[in-house]
Amino acid sequence: MASVGPSAASTQPALPSGPAVFKTIPYAFILPEIVCGTWVWILVAATSVSFPLLQGWVMYVSLTSCLISLLLLLSYLLGFHRNSENWKVLDSLYHGATAILYMSAAVLQANATIHSENSINTPLNYPLNSAASFFAFLTTFLYILHAFSIYYQ
């Protein structure tokens, strides 16, 4: 008896493991997300944090996202996913939710940047806040790209 066609499991692309993670879209976005997110919290921490409520949320989102993305990257590198389709759903949900949280953090950081523009006490805060805003929006864009590119595999 001849087989009719390839099974549904064989038509799905395999999830990458090991160094292939860095060569496969959307998983190649994880390392830039971590690097840009790390810059966000380093730059915000380098300021005098004049607006603790605004920049506290930015620090929380950037640090938490950085750590969870690092754990996700390590799980892909070590092959914990075992090529399960549930990992695609988990990855998509995580990056979609994080993109929304990062957008809120980026807007709050931009607001803190605008308020620090006329600060006389610490003139270095404005350039640091500006750089943090730039990296926050860049990181948001990377998370959005990652979340949506999973659907187009």
Side-chain angles (χ1 to χ4, degrees), residues 8-9 11-117 119 124-153:
T11 59
Q12 296 292 328
L15 293 172
S17 293
V21 170
F22 300 114
K23 301 175 189 172
T24 310
I25 300 292
Y27 309 102
F29 292 132
I30 295 176
L31 192 58
E33 291 165 1
I34 293 170
V35 171
C36 291
T38 302
W39 274 111
V40 171
W41 61 269
I42 287 173
L43 289 166
V44 172
T47 67
S48 64
V49 187
S50 304
F51 308 99
L53 188 60
L54 301 179
Q55 292 178 306
W57 176 249
V58 174
M59 290 290 289
Y60 173 75
V61 169
S62 60
L63 188 57
T64 305
S65 301
C66 182
L67 292 175
I68 293 173
S69 293
L70 185 61
L71 289 174
L72 191 61
L73 176 63
L74 288 175
S75 66
Y76 278 122
L77 287 174
L78 299 175
F80 287 151
H81 55 75
R82 295 192 178 119
N83 210 21
S84 171
E85 285 297 312
N86 295 334
W87 276 82
K88 282 187 176 182
V89 174
L90 171 79
D91 191 276
S92 178
L93 288 175
Y94 165 70
H95 281 88
T98 305
I100 293 168
L101 293 175
Y102 240 110
M103 179 58 79
S104 70
V107 169
L108 290 175
Q109 180 58 38
N111 187 18
T113 302
I114 291 168
H115 287 300
S116 71
E117 183 176 14
S119 176
L124 187 59
N125 277 350
Y126 181 71
L128 290 173
N129 281 327
S130 296
S133 295
F134 170 77
F135 280 108
F137 281 107
L138 179 63
T139 308
T140 302
F141 180 66
L142 288 170
Y143 276 105
I144 291 170
L145 277 178
H146 189 130
F148 281 112
S149 61
I150 290 174
Y151 293 113
Y152 297 111
Q153 283 186 337

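Residue numbers start at 1 and run along the sequence shown.
- Annotation: side chain to side chain donor-acceptor pair (under 3.5 Å) contacts of Ser69 (sequence neighbours excluded): Tyr94, Tyr143.
- Every residue meeting the side-chain contact (heavy atoms from CB on, under 4.5 Å) condition with Ser104, not counting sequence neighbours, appears here in chain and number order: Trp57.
- A side-chain hydrogen bond (donor to acceptor under 3.5 Å, both in side chains) check over residues 31-43, counting only residues at least two apart or in different chains, returns the pairs Glu33-His95, Glu33-His146.
- In this structure, the side chain to side chain donor-acceptor pair (under 3.5 Å) partners of Ser133, at least two apart in sequence or on a different chain, are Thr113.
- Val40 has its side chain out of reach of Gln109: every pair of non-hydrogen atoms, C-beta onward, lies at least 4.5 Å apart.
- For Ile144, the side-chain contact (heavy atoms from CB on, under 4.5 Å) partners are Ala99, Thr140, Phe148, not counting sequence neighbours.
- Residues Asn129 and His115 form no side-chain contact, since every pair of their non-hydrogen atoms from C-beta on lies 4.5 Å or further apart.
- Summarising the geometry of Gly37 relative to Thr139, their closest heavy-atom pair is N-OG1, 3.5 Å, with the distance given to 0.1 Å.
- Taking OH from Tyr102 and SG from Cys36, the interatomic distance works out to 8.5 Å, rounded to the nearest 0.5 Å.
- The CD1 atom of Ile30 sits 11.0 Å away from atom CG of Leu71, with the distance rounded to the nearest 0.5 Å.
- By the side-chain contact (heavy atoms from CB on, under 4.5 Å) test, Val89 is found to be paired with Leu93, residues two or more places apart in sequence or in another chain being considered.
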Which pairs would a plain distance check flag for residues 59-68, meaning a side-chain donor or acceptor within less than 3.5 Å of a matching protein atom at least two apart in sequence or in another chain?
{"unit_1": "Ser62", "atom_1": "OG", "unit_2": "Val58", "atom_2": "O", "d": "2.8"}
{"unit_1": "Ser62", "atom_1": "OG", "unit_2": "Met59", "atom_2": "O", "d": "3.2"}
{"unit_1": "Thr64", "atom_1": "OG1", "unit_2": "Tyr60", "atom_2": "O", "d": "2.7"}
{"unit_1": "Ser65", "atom_1": "OG", "unit_2": "Val61", "atom_2": "O", "d": "2.7"}

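- Note: Thr98 OG1 to Leu142 CG = 12.5 Å, rounded to the nearest 0.5 Å.
- Partners of Phe137 under the side-chain contact (heavy atoms from CB on, under 4.5 Å) rule, at least two apart in sequence or in another chain, are Met103, Ala106, Val107, Ala110.
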